[in-house]
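We name chains A, B, ... by the order of the sequence lines, and we start the count at 1 in each one.
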Amino acid sequence: MRSLDLSVDIAGLSLKTPLILASGILGLSGRLLAKISRAEGVGAVTTKSIGLKPRDGYPNPTIILLPYGLINSMGLPNPGAEAFLKELDEAEDLSSPLIASFYGYSVDEIVETARIIAKHPRVSALELNVSCPHVSGVYELGFKPELVAEAVSKVKKIIDKPLFVKLSPNTHLIVDVARAAAEAGADGLTAINTVKALAIDTELFRPILSGVYGGLSGPALKPIALRCVYEIYKEVDIPIVGCGGVSNSLDVVEFILAGASAVALGSVIAFKGVGVFRELAEGLSSYLERKGFRSVREIVGLSHR
Amino acid sequence: MRSLDLSVDIAGLSLKTPLILASGILGLSGRLLAKISRAEGVGAVTTKSIGLKPRDGYPNPTIILLPYGLINSMGLPNPGAEAFLKELDEAEDLSSPLIASFYGYSVDEIVETARIIAKHPRVSALELNVSCPHVSGVYELGFKPELVAEAVSKVKKIIDKPLFVKLSPNTHLIVDVARAAAEAGADGLTAINTVKALAIDTELFRPILSGVYGGLSGPALKPIALRCVYEIYKEVDIPIVGCGGVSNSLDVVEFILAGASAVALGSVIAFKGVGVFRELAEGLSSYLERKGFRSVREIVGLSHR
Amino acid sequence: MSVYHIDRSMLDRHRRRIVRIVRRVDECLDTVSLYMHNPFSSDPIPGQFTMIWIPGVDEIPLSISYMDSCILGVTVRGVGEATRILCSLQPGDTIGVRGPLGRGFTIVKGRSLVVGGGVGVAPLRYLIYRLIDVGVDTYVVFGFRDKLHTIYLEEMEKLSVEGRIKLCIATEDGSYGFKATAYDIASRILDESFDMVYVCGPEELIRRILVLCVEKDLPMEASIEGYMKCGMGVCGSCVRGAYLVCRDGPVFDRDKLLEIGEIGLRRRRASGTIEPLL
Amino acid sequence: MSVYHIDRSMLDRHRRRIVRIVRRVDECLDTVSLYMHNPFSSDPIPGQFTMIWIPGVDEIPLSISYMDSCILGVTVRGVGEATRILCSLQPGDTIGVRGPLGRGFTIVKGRSLVVGGGVGVAPLRYLIYRLIDVGVDTYVVFGFRDKLHTIYLEEMEKLSVEGRIKLCIATEDGSYGFKATAYDIASRILDESFDMVYVCGPEELIRRILVLCVEKDLPMEASIEGYMKCGMGVCGSCVRGAYLVCRDGPVFDRDKLLEIGEIGLRRRRASGTIEPLL
Ligand SMILES: Cc1cc2nc3c(=O)[nH]c(=O)nc-3n(C[C@H](O)[C@H](O)[C@H](O)COP(=O)(O)OP(=O)(O)OC[C@H]3O[C@@H](n4cnc5c(N)ncnc54)[C@H](O)[C@@H]3O)c2cc1C
Ligand SMILES: Cc1cc2nc3c(=O)[nH]c(=O)nc-3n(C[C@H](O)[C@H](O)[C@H](O)COP(=O)(O)OP(=O)(O)OC[C@H]3O[C@@H](n4cnc5c(N)ncnc54)[C@H](O)[C@@H]3O)c2cc1C
Ligand SMILES: Cc1cc2nc3c(=O)[nH]c(=O)nc-3n(C[C@H](O)[C@H](O)[C@H](O)COP(=O)(O)O)c2cc1C
Ligand SMILES: Cc1cc2nc3c(=O)[nH]c(=O)nc-3n(C[C@H](O)[C@H](O)[C@H](O)COP(=O)(O)O)c2cc1C
Ligand code: FES
Ligand code: FES
């Protein structure tokens with residue numbers, strides 16, 4: 001059992017541990033989000049990305065399991081902002097902050113969606129997804145620093161909760177987007193979303209996913225995500241949630257050393273279940289103890305010395 | 001043993017099989033390149049990327065082995081164009097075409113380097129590397145369609161051999177760069193080079209590679225490389241050499257179905273040695289037979305139907 | 001440097017294997033059983049499901065309705081695009097299969113009651129063979145709309161005649177067997193002598209049997225549905241209550257069914273939108 | 001979908017393990033042996049090497065000069081930045097280690113001649129202990145510049161006194177043992193009675209012994225150097241002739257040494273540029 005205090009403060013949120021449930025992972029149900037928020041080791045939970053209108057996402061197949069990760073092409077299924085408020089009503093006994101992820105095809109839609117979901121009392125913070133690689137409209141936003149800046153400043157004007165921006169690794173402009181978001185008033189950055197990917201069935205000669213392209217996540221993504229966090233930490237001053245391929249506690253440490261103040265877990269939930277939060281919290285705690293640190297904060301960005 | 005003819009013609013080169021040794025893999029020595037060119041299953045060999053002047057590359061560590069690939073940060077070590085001509089003099093009894101990879105920090109340097117190496121009689125084609133993610137100057141070139149177009153058209157003016165351009169996946173502009181290269185006269189495209197990546201040592205709190213950033217290759221890269229080939233095939237009409245994470249013959253098939261006319265092997269050489277060419281050629285051959293095809297050509301781009 | 005581990009058996013279960021249909025059997029008006037070479041490397045547990053990929057159309061969950069060492073069978077009712085296309089497939093046609101997925105039924109020695117309604121009998125058929133194999137005293141109650149919608153009738157009658165199960169078929173309009181619902185029959189025979197009650201079918205049936213089993217304090221397991229996408233417990237699409245049908249189910253025991261609560265009352269669409277039932 | 005496979009043992013050998021120096025022994029003026037807890041999961045073969053990472057400086061190849069179940073030892077001569085820093089390390093300091101890498105020596109029963117020059121004696125020391133262990137009749141010829149540059153002297157003298165090896169030490173200036181080179185001595189005792197000749201040291205020494213062994217048709221193995229970067233046979237930096245020192249070597253047999261040809265004549269720099277020797 002862990003004996004060390006793993007709490008972190010990030011962008012105005014106080015988390016019991018730096019471990020966050022990533023967006024799109026089991027995050028459609030208020031009841032389930034609440035249950036996960038109470039699991040040992042969980043610092044915060046993020047909802048599925050919510051848009052203004054309901055979306056079915058793509059027909060199946062929407063996922064491919066590889067020996068080194070997943071490719072998903074869910075296509076942002078979600079019940080839409082209004083319906084999601086009811087979902088949140090069911091999120092009883094949340095015991096960690098809930099971050100509401102959202103998206104829009106235009107700045108106006110982004111602002112409108114933020115307005116709706118931000119007012120729910122169970123929403124502690126928002127995360128703007130401008131990086132889903134299999135939904136066009138949302139994907140391209142992540143390559144446009146000016147548009148992201150515009151969206152961020154407009155959203156910040158109408159909400160009084162912390163705002164994260166979830167970044168795309170599919171561009172050489174990731175640091176520019178991060179900087180633009182920070183300058184426009186974002187409180188934190190989540191790096192990264194999936195990398196655009198494809199798989200073909202060699203028996204049927206066709207792409208496997210019905211959406212053709214998907215996003216690569218899981219272990220394969222880790223070295224890329226880590227590089228993004230490291231690059232952003234060098235240039236941008238707001239806190240970073242590291243995300244991509246975390247599967248054990250040393251991965252968590254790597255992200256924090258690279259500059260992340262917290263770390264989000266996605267695909268690993270498929271491989272290890274929700275119990276992974278506890279496993280990683282314990283591992284992180286023993287790491288810190290073994291190396292003589294007293295808090296997570298002490299090692300944030302330490303690899304940049 | 002394979003009974004089917006695997007030969008392909010690509011950008012004016014005739015290859016016995018579609019399997020090419022990727023640039024930077026064992027490609028520093030003329031004698032070794034010649035030996036590999038004679039190995040069963042090899043269609044062509046590519047040299048290490050050569051610049052105008054000698055370069056030591058980065059101090060070690062320059063490589064990291066992961067369960068799903070490699071991260072390398074060699075830093076383009078090479079003896080420089082003039083010295084490399086002597087190297088090529090030693091490449092006796094080449095039995096497959098030799099593709100000379102090269103780079104430059106500016107269009108002028110690129111042209112100058114091409115001029116020197118293209119004249120060697122053992123060079124069958126050139127490959128312009130604008131995509132090495134750990135050497136700045138070379139890395140950024142790959143995000144600039146106009147510069148790549150300028151370099152390609154100037155090089156094509158002074159050489160009479162096929163020219164490939166090796167593309168970077170680290171930008172959302174990969175198709176634009178591909179199109180620009182094609183329109184400027186490139187004969188083929190190689191997709192892809194490595195994705196910029198990082199790893200941190202959690203005992204020492206520091207990036208492992210002395211060059212800090214490296215390039216991710218191997219299985220982890222495959223879904224990304226495949227996506228790039230597929231995207232480019234849709235939009236650009238010149239032949240593509242698929243590259244990234246190939247480790248078995250079905251990977252080769254996937255790339256060809258996605259639109260590649262040939263496939264380059266890199267990291268798999270570390271895992272399986274040069275004997276992998278034979279293994280993959282045999283696997284490709286049995287695949288084609290089993291599915292009732294008579295040539296590689298018949299399945300190029302078949303997943304786009 | 002990280003050591004990571006994606007379970008080999010998980011990789012295996014989620015690989016889409018392209019297989020050929022070797023046999024089709026028209027079960028009734030709108031329901032077909034399809035048989036294919038066993039693509040699994042492990043023996044499935046009754047109640048586990050497969051994801052069946054109809055290339056270019058959809059990939060949908062179907063229960064395992066038949067399994068021997070060589071052959072896998074599913075039974076599908078045509079209710080929409082994917083299922084109708086499946087119902088039209090012929091021997092030689094190919095589909096993709098992954099599985100076996102999810103948690104199946106618990107085999108309990110003694111006396112068991114198997115209650116099925118409509119195409120919900122699919123997983124129960126495979127279960128019944130297993131129960132017989134291990135010597136469970138098996139009572140089967142199947143309910144259908146009418147004679148034209150009955151499934152596995154001959155097969156079950158044969159098992160009954162051979163004395164391997166006790167069988168009771170009901171149709172709502174009385175065109176075959178008892179004029180009753182599966183619930184009517186089940187509720188009449190259910191008593192403390194049963195060691196396990198297995199249910200699959202319309203959620204209304206499951207909900208009512210659940211109430212009964214709670215009243216009588218009988219152990220019960222039911223297979224329920226959720227909108228399946230990933231099938232591996234990551235996307236959250238199949239959530240019912242606070243459980244994942246693909247990972248924690250599709251078979252749930254009495255207490256979990258109670259905890260889920262919403263059975264027969266509401267479910268989710270592809271978008272996650274909640275849709276009231278009834 | 002692809003099945004791929006990166007060998008677990010390869011992963012293990014290339015993991016950089018951070019270890020603490022537990023002991024240092026000054027062998028002579030410019031050469032130090034460093035001992036650390038055994039970081040390997042497999043038993044190395046004499047002649048195999050490690051890549052030693054001095055964080056912030058370099059990662060360089062060093063032969064395994066000592067190995068028991070608990071302790072790994074390397075012996076390093078300070079010739080440049082990395083080796084000089086290594087020579088200055090004290091117990092408690094940390095370095096990174098990966099290995100064991102490459103192909104080692106073949107142990108052949110019977111009589112063997114072990115010829116070493118300078119710090120080339122490092123891998124031979126570990127080899128000699130193995131030869132003794134398996135009962136090989138071992139003749140050792142070590143040559144050094146002068147007494148101040150001798151390595152493992154006491155240790156070898158002890159083995160000799162105990163009758164476990166036949167030993168002959170030579171120095172170029174005669175300040176210790178014979179005034180001769182290792183080649184001079186070796187060439188005098190080399191005859192058909194030897195079942196294997198092992199060599200490590202300056203390439204000039206290797207080249208001359210090679211010529212001798214070809215003349216006398218004696219089996220021979222030598223450990224040679226190449227400019228190591230990846231250490232796993234992918235970058236091509238260590239190429240000699242058409243062989244990779246990190247993967248096909250560092251130990252090569254007589255025929256391969258002949259095929260390589262360039263031993264003692266030329267080698268490559270970090271850039272791959274060819275540099276003439278002599
Ligand atoms: C664990 C499980 C086992 C099942 N076993 C069987 C079986 O053995 N035989 C059988 O006939 N049916 C079975 N079903 C139901 C079957 O999956 C649906 O009938 C089928 O998906 C409908 O697809 P469609 O395109 O024909 O219909 P649609 O027109 O797309 O939809 C018809 C209905 O099916 C539901 N549905 C559609 N796609 C899915 C999906 N991916 N996951 C869950 N529900 C979906 C819709 O919500 C709707 O209620 C099972 C469902 C689950 C969850
Ligand atoms: C298989 C093998 C086993 C070796 N075993 C030992 C040993 O047991 N003890 C010992 O003292 N030395 C050994 N060496 C040599 C040792 O690796 C070099 O002396 C060391 O790398 C020099 O590094 P430096 O920074 O001190 O010197 P530098 O000033 O960088 O260079 C000095 C010389 O060392 C060579 N060198 C530098 N880096 C490398 C490298 N990465 N790979 C190969 N050569 C390099 C240079 O080409 C130059 O000739 C071995 C070399 C090889 C290839
Ligand atoms: C099935 C699935 C669905 C996802 N849905 C979303 C989403 O709705 N919004 C979002 O911002 N990211 C989404 N992601 C991306 C993850 O939040 C995360 O950024 C990514 O998977 C990398 O982390 P991982 O390697 O830990 O999975 C999804 C990922 C997966 C695997
Ligand atoms: C050690 C190493 C060195 C490389 N050097 C070069 C190079 O010099 N020029 C180049 O264009 N690509 C270079 N690459 C990239 C490969 O050619 C290839 O594009 C990449 O590794 C992806 O293929 P793979 O997954 O099969 O390795 C290098 C890759 C590795 C692993
Ligand atoms: S179908 Fe995705 S979690 Fe169950
Ligand atoms: S050191 Fe890279 S191939 Fe030998």
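Around the CZ atom of B:Arg38, the shell of radius 6.0 Å holds more than 12 heavy atoms that belong to other residues, nucleotides or ligands. Within a 6.0 Å sphere centred on NZ of B:Lys86, heavy atoms belonging to other residues, nucleotides or ligands number 12 at most. Other residues, nucleotides and ligands contribute at most 12 non-hydrogen atoms within 6.0 Å of the CZ atom of D:Arg103.
For the atom pair D:Glu59 CD and B:Ile63 CD1, the distance stands at 10.0 Å (nearest 0.5 Å). The CG atom of B:Leu66 lies 12.0 Å from the CZ atom of D:Arg15; values are rounded to the nearest 0.5 Å. To the nearest 0.5 Å, atoms CZ (B:Phe271) and CE (D:Met232) are separated by 8.0 Å. Taking CZ from B:Arg55 and OG from D:Ser271, the interatomic distance works out to 11.0 Å, rounded to the nearest 0.5 Å.
With a threshold of 4.5 angstrom between heavy atoms, D:Met228 approaches chain B through N, CA, C or O but not through any side-chain atom. Interface remark: D:Ile260 contributes backbone atoms only to the contact with chain B (heavy atom separation under 4.5 Å). Residue B:Leu204 touches chain D through its side chain alone, counting heavy-atom pairs closer than 4.5 Å. For D:Ile18, the part sitting under 4.5 Å from any heavy atom of chain B is the side chain, from C-beta outward, and nothing else. Contacts between B:Leu33 and chain D at a heavy-atom distance below 4.5 Å are absent for every atom of the residue. Residue contact with chain B, scored on non-hydrogen atoms closer than 4.5 Å, is absent for D:Ile54.
Contact of the D:Arg269 side chain with the B:Pro54 side chain is not registered, since no non-hydrogen atoms from C-beta on lie closer than 4.5 Å.
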Start with the C-alpha distance between D:Trp53 and B:Ile208, add both sets of side-chain angles, then the distance that settles side chain to side chain contact (heavy atoms under 4.5 Å, CB included), and finish with yes or no. CA-CA 10 Å; D:Trp53 178 25; B:Ile208 296 173; 4.1 Å; yes
As a quick check of understanding, evaluate salt bridge (Lys or Arg N to Asp or Glu O under 4.0 Å) for B:Glu90 and D:Arg266, giving each step before the final call. CA-CA 14 Å; B:Glu90 296 191 3; D:Arg266 63 181 214 179; 2.7 Å; yes
Carefully, step by step, assess B:Leu65 and D:Arg13 under the rule side chain to side chain contact (heavy atoms under 4.5 Å, CB included). CA-CA 10 Å; B:Leu65 178 64; D:Arg13 281 177 286 125; over 6 Å; no
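Of all heavy-atom pairs between D:Val234 and B:Ala270, the closest is CB-CB, 3.7 Å. When all heavy atoms of D:Arg16 and B:Ile64 are compared, the pair lying nearest together is NH1-CG1, 3.8 Å. Minimum heavy-atom separation, D:Leu244 to B:Leu32: CD2-CD2, 3.8 Å.
No donor-acceptor distance shorter than 3.5 angstrom exists from the side chain of B:Arg31 to the backbone of D:Val239, with no hydrogens or angles considered.
Interface remark: of the candidates D:Thr273, D:Val57, D:Asp58, D:Asp58 forms the most heavy-atom pairs closer than 4.5 Å to chain B. Per-residue heavy-atom pair counts under 4.5 Å with chain D were compared for B:Gly30, B:Pro79, B:Ser249, B:Gly245, and the maximum is reached by B:Pro79. Contact count versus chain D (heavy atoms, under 4.5 Å) is highest, among B:Met74, B:Glu203, B:Glu87, for B:Glu87. Comparing D:Ala82, D:Ser237, D:Cys235, D:Gly272 by how many heavy-atom pairs each has under 4.5 Å with chain B, the most go to D:Cys235. When each of B:Ser29, B:Pro59, B:Gly27 is scored by its heavy-atom pairs under 4.5 Å with chain D, the top score falls to B:Ser29. Of the listed residues (D:Ala242, D:Pro55, D:Gly236, D:Gly56), the greatest number of heavy-atom pairs within a distance under 4.5 Å of chain B belongs to D:Ala242. When each of B:Leu28, B:Val274, B:Asn72 is scored by its heavy-atom pairs under 4.5 Å with chain D, the top score falls to B:Leu28.
A cation-pi arrangement, defined by a distance under 6.0 Å to the six-membered ring centre and an angle within 45 degrees of its axis, is present between B:Lys35 and D:Tyr243.
Among residues two or more places apart in sequence or in another chain, the side chain to side chain donor-acceptor pair (under 3.5 Å) test is passed with B:Thr62 by B:Asn60.
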